[in-house]
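Order of appearance sets the numbers: ligands from 1, and atoms from 1 within every ligand. Below, all heavy atoms of this structure are taken into account, side chains as well, without hydrogens, waters or symmetry copies.
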Amino acid sequence: MMNSSTAATRDVVVIGGGVIGLSIAWELARNGVSVRLLEQGLLGQEASWAGAGMLPPGNPRQAKTTEARFRSGSHVLWPEWSEQLRSITGIDNGFHRCGGVEVQPAGSLESLDERIATWRDEGVTVESLTSTELRQRLPALNPEISTGYFLPELGQVRNPRHLKALIQACLSAGVDLRPGSPVIDIVRRGDKVTAVKTLSEEHHASEFIVASGAWSRTLLQRVGCDLVIEPIRGQMVLLNTPKVLFRHVIEVGPRYLVPRPDGRLLIGATEEQAGFEKRTTAAAIAGLIDFGRDLVPALGEAQFERCWAGLRPYAPGGLPRIGRVPGTTNLSLAAGHFRAGLQLSPMTAVLVRQLILGQQENEWSADLAISSAT
Ligand SMILES: Cc1cc2nc3c(=O)[nH]c(=O)nc-3n(C[C@H](O)[C@H](O)[C@H](O)COP(=O)(O)OP(=O)(O)OC[C@H]3O[C@@H](n4cnc5c(N)ncnc54)[C@H](O)[C@@H]3O)c2cc1C
């Protein structure tokens with residue numbers, strides 16, 4: 001069907017099979033769109049697999065910034081999506097609101113006050129914890145740490161399971177999933193994209209969506225759009241603790257501990273400019289383990305299970321870019337989610353569905369539009 005140039009009007013080709021591409025494909029397919037998804041490697045094995053699956057809270061009634069509106073929209077969708085995926089596929093993605101504690105390490109001069117004030121201003125519940133309350137919530141925490149704030153609505157998802165569920169749901173909704181299909185060119189006639197090329201085929205459709213994460217820039221250059229999206233490496237450590245030491249996520253600035261209910265525990269993550277290099281480094285992994293042991297000394301006894309790195313797609317300005325690629329009428333982009341692609345994936349899919357089906361958009365989605373094309 002899509003190999004012919006007479007494709008039906010709502011045929012869509014999605015390029016990239018990470019959480020963003022899969023979520024978009026599912027959302028479109030279950031709204032009656034015929035979707036083909038082209039993935040260069042295996043489905044859901046890049047940044048979306050590598051992430052920690054933390055889902056910070058939000059409150060749509062009080063969110064003021066575009067980022068907060070976006071996040072809070074997703075916050076509302078996560079339980080619905082998880083339940084729908086479970087009922088369609090039988091896969092439990094592990095979504096639950098485990099709560100999180102932002103702590104201030106002993107001796108740290110950086111105050112959490114401003115960050116906590118922002119949460120409160122956004123209408124997100126934050127509880128200041130006394131030293132005793134902190135110990136009750138996190139009994140294994142380093143006793144030298146006495147300052148912490150509890151965010152009860154912070155959630156987590158087992159992202160590899162979520163990706164499996166999305167793949168199954170896409171198949172159930174009729175999405176034509178094509179792993180092992182790298183897109184190598186975009187064919188354009190005037191302002192219209194007519195096809196994308198993989199090694200052995202041309203894929204025609206009425207709409208095309210680039211959801212290629214950290215690799216999106218190269219594809220956009222094929223249509224003369226030079227939008228900065230850079231890979232930022234994040235390294236992660238997975239430990240296995242004989243018993244669950246605590247149940248809340250612990251956050252210290254950009255680093256964190258994420259306890260899984262089965263005793264596994266993630267320590268993340270670095271932020272490095274290393275191009276498309278995905279290898280882990282001894283220094284970074286040692287640094288993460290030291291960080292974890294400083295926070296929770298008992299982690300010194302945990303079993304080291306594995307470590308890995310993933311490439312976050314970073315777009316300057318801190319917001320993903322979602323919208324029409326300038327100079328084209330039927331090519332769209334959904335990329336640049338950086339540290340928040342898992343949390344923002346359901347709302348991203350909704351925004352793209354609204355764009356593709358010409359539905360009324362949220363007024364704030366204009367802030368995500370792509371304007372810096374050359
Ligand atoms: C260590 C780490 C921790 C993280 N923790 C969290 C977290 O706790 N919470 C959170 O919300 N986010 C987190 N993130 C960020 C999140 O993982 C990313 O923002 C998100 O995965 C981006 O999704 P994506 O689909 O855009 O990219 P990806 O998952 O990288 O998917 C892009 C896909 O496009 C494919 N592709 C690229 N080029 C082509 C082409 N030419 N043809 C066909 N296919 C192509 C790639 O092979 C890839 O599969 C973390 C990331 C890392 C690395």
Just wondering, do V14 and R36 contact through their side chains at under 4.5 Å, heavy atoms?
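They are not in side-chain contact.
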If we only count heavy atoms from C-beta on, is the H96 to P261 side-chain gap below 4.5 Å?
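Contact flag for H96/P261 side chains = yes.
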Any heavy atom of [X] sitting closer than 4.0 Å to ligand 1?
X: S181; result: yes
X: A340; result: yes
X: G53; result: yes
X: P182; result: yes
X: W308; result: no

For [atom], closest protein heavy-atom neighbour:
atom: atom 50 (C) of ligand 1; answer: G51 CA, 3.6 Å
atom: atom 44 (N) of ligand 1; answer: Q40 N, 2.9 Å
atom: atom 23 (O) of ligand 1; answer: S48 OG, 3.2 Å

Below 4.0 angstrom, N of the basic side chain to O of the carboxylate: do D262 and R260 qualify?
no
Considering distance alone, does some N or O of Q343 sit under 3.5 Å from an N or O of ligand 1?
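Between Q343 and ligand 1 (N or O atoms, distance only) the closest approach is under 3.5 Å.
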N/O of I20 under 3.5 Å from N/O of ligand 1, yes or no?
yes
Considering E39, E271, M54 one by one, which has a heavy atom nearer to atom 7 (C) of ligand 1 than any of the others?
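Looking at heavy atoms only, the winner is M54.
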